Amino acid sequence: MDLRLRDRTVLVTGASSGVGLATARMLLAEGANVAACARDAERLDATLRAAQADTEAPGRIHAVSADVTDAAAMGSFVDSAVQAFGGIDGVVCNAGRSLMATIDETTDDQIREEFELKLFGVLNIVRAAAKHLAASEVASVVAVNAILARQPEAKLAITSAARAGLLNLTQTLSHSLGADGIRVNSVLLGLVDTGQWTRRYESSGSDLDYAEWTGRLAADRGIVLGRLGTAEEVAFPIVSLLSPLSGYTTGACIDVGGGVARYV
Ligand code: NDP
C-alpha cells in the first residue's frame with residue numbers, strides 16, 4: 001500500500017533510539033525525507049547512518065544535535081531542515097523519557113523538569129514548524145504520548161500528570177492549527193520495548209533474564225497481549241497518521257498498549 005509519503009519531509013525528535021528511530025526507518029522506507037534530532041550527536045549519526053544503509057535512502061536524512069526543550073535550538077533545527085529539503089510536511093514529537101517515582105520521591109525541580117520536557121518538548125518544535133506546515137497540503141503533527149495521560153500510575157505520578165497536560169494541549173493545538181489545514185493527533189503508548197526498559201532492567205539488579213523480566217512486567221501490569229510492544233508496532237500508527245490517507249483524522253488518539261488500558 002502506498003502511504004503517499006514519497007518525497008514528503010518529516011521532522012522526528014528523539015530519532016536515535018526506540019520509537020523515534022523505528023519511525024525514521026519506516027519513513028525512509030516509504031521514500032520520505034527525514035530530519036532528525038536528539039541530544040547525543042554521535043549516537044544519532046551512528047543509528048541514522050545504519051538506517052540510511054538499510055533502507056538505501058542516500059540524501060534523505062538530515063540529522064541535528066538539539067534538545068527539544070531549547071526553543072532556539074528547535075528554531076534552528078526547523079530552519080536547517082527547510083534549507084535541506086525545501087519544506088516540512090510532518091512533525092513527530094517523540095523525544096522524551098519518563099520519571100519512575102511517586103510524588104513523595106520527586107523533588108520540585110524534577111517536577112518542573114518533567115512538565116518542561118513534556119510540554120515544551122512539543123510546543124517548541126510545533127511553534128517553529130507551524131508556518132512551514134501551513135504551506136503543505138498534507139500537514140500532520142503526531143505527538144507521542146502515553147496511556148498514563150488517561151490512566152495515571154502512582155509510581156509514575158508526575159510523568160502521568162505531565163502526560164495528561166500534553167494530551168490536553170494536543171487537543172487545543174488540533175483546533176488552533178486545524179484552520180491552517182494542519183492535523184494534530186496523539187499516539188498513546190503502553191509499555192514498549194525500547195532503551196527505556198533495557199535501562200530499567202540493567203539498573204534493577206534482577207536475576208531474571210531480560211525476556212523473563214519483561215514477561216513478568218507484562219503480567220504485573222495486566223497487559224492483555226502478555227508482552228511489551230515493539231517500536232515498529234508504534235511506528236506504524238505514527239506513520240499512518242502522517243499519511244494523507246488519514247486526511248480527515250485530527251484531534252484523535254490511538255492507544256498502542258496491547259490492552260493495558262482499563263478505560264472505555
Ligand atoms: P528511548 O529512550 O529509546 O529514546 C528516546 C529518544 O529521545 C532518544 O533518541 C533520546 O536521545 C531522545 N531524547 C530524550 N530527551 C531528549 C531531549 N530533551 N531533546 C532531544 N532528544 C531527546 O525512548 P522510547 O523510544 O521508549 O520513547 C519515545 C517516547 O515515547 C518518549 O517520549 C517516551 O517518554 C514515550 N513513551 C515510551 C514508553 C515506553 O514504554 N517505551 C511508554 C510511554 C511513553 P538523546 O538522549 O541523545 O537526546
Side-chain angles (χ1 to χ4, degrees), residues 11-26 34-48 50-51 63-74 76-78 91-100 113-125 128 142-153 155-156 158-167 170 186-203 213-214 217-218 221 223 227-235 237-238 253-258 260-261:
L11 270 51
V12 183
T13 68
S16 61
S17 170
V19 171
L21 179 59
T23 302
R25 294 181 78 100
M26 208 170 276
V34 174
C37 82
R39 293 164 302 177
D40 179 339
E42 216 170 290
R43 181 166 69 146
L44 183 65
D45 276 352
T47 51
L48 289 183
V64 170
S65 162
D67 188 321
V68 291
T69 61
D70 179 340
M74 286 302 100
S76 306
F77 172 44
V78 165
V91 178
V92 180
C93 307
N94 163 76
R97 52 150 169 70
S98 56
L99 180 62
M100 185 72 89
E113 271 170 33
E114 193 63 357
F115 273 83
E116 179 165 15
L117 175 61
K118 297 299 184 293
L119 301 186
F120 283 104
V122 172
L123 261 186
N124 287 339
I125 183 96
V142 180
V144 177
N145 203 332
I147 285 173
L148 294 173
R150 290 181 162 162
Q151 185 170 284
E153 281 186 26
K155 278 191 208 154
L156 286 151
I158 305 307
T159 293
S160 299
R163 288 292 186 198
L166 173 59
L167 185 58
T170 313
S186 301
V187 174
L188 305 187
L189 312 193
L191 278 66
V192 181
D193 191 356
T194 65
Q196 299 215 18
W197 289 105
T198 46
R199 286 192 296 274
R200 275 181 202 148
Y201 168 68
E202 280 156 14
S203 62
W213 186 82
T214 54
L217 183 64
R221 297 291 178 94
I223 299 176
R227 63 173 176 86
L228 271 58
T230 66
E232 290 70 25
E233 287 168 325
V234 182
I238 294 173
C253 302
I254 299 181
D255 280 12
V256 188
V260 77

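Whatever order the structure lists ligands and atoms in, that order sets their numbers, starting from 1. Bear in mind the structure is a predicted one, so any value in this text is a computation, not a measurement. Positions are given from 1, in the same order as the sequence printed here.
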**Options L217, V92, T13, T194, ranked by nearest heavy atom to atom 26 (O) of ligand 1, top entry** = T194
**Request:** Have a look at G257, G14, C93 and point out the one with the heavy atom closest to atom 7 (O) of ligand 1.
**Result:** G14
**Request:** Under 4.0 Å from a heavy atom of G18: give me the atoms of ligand 1 that qualify, with their elements.
**Result:** 3 (O), 25 (O)
**Request:** Return yes when atom OH of Y201 has more than 12 non-hydrogen atoms of other residues, nucleotides or ligands closer than 6.0 Å, and no otherwise.
**Result:** yes
**Request:** Enumerate the atoms of ligand 1 whose separation from the nearest heavy atom of A146 is less than 4.0 angstrom.
**Result:** 43 (C), 44 (C)
**Asked** Does a donor on one side chain sit under 3.5 Å from an acceptor on the other, for R200 and S98?
**Response** yes
**Request:** Could you list which atoms of ligand 1 come closer than 4.0 Å to a heavy atom of V19?
**Result:** 25 (O)
**Item:** Any A22 heavy atom less than 4.0 Å to ligand 1
**Value:** no
**N94 near ligand 1 by a heavy-atom separation under 4.0 Å** = yes
**Request:** Please verify whether a non-hydrogen atom of T69 lies at under 4.0 Å from ligand 1.
**Result:** no
**Asked** Which residue from R163, R200, E42 reaches closest to atom 34 (O) of ligand 1 through any of its heavy atoms?
**Response** R163
**Asked** Nearest heavy atom to atom 45 (P) of ligand 1: which of R39, R97, K118 does it belong to?
**Response** R39
**Message:** For the CG atom of L148 and the CG atom of L189, what is their distance to the nearest 0.5 Å?
**Reply:** 9.5 Å
**Item:** Option nearest atom 5 (C) of ligand 1 (shortest heavy-atom distance, choices G96, A24, S65)
**Value:** G96
**Request:** Closest by any non-hydrogen atom to atom 47 (O) of ligand 1: pick that one out of T159, L21, D40.
**Result:** D40
**Request:** Give a yes or no answer on whether the side chain of S186 reaches the backbone of C253 with a donor-acceptor pair at less than 3.5 Å.
**Result:** no
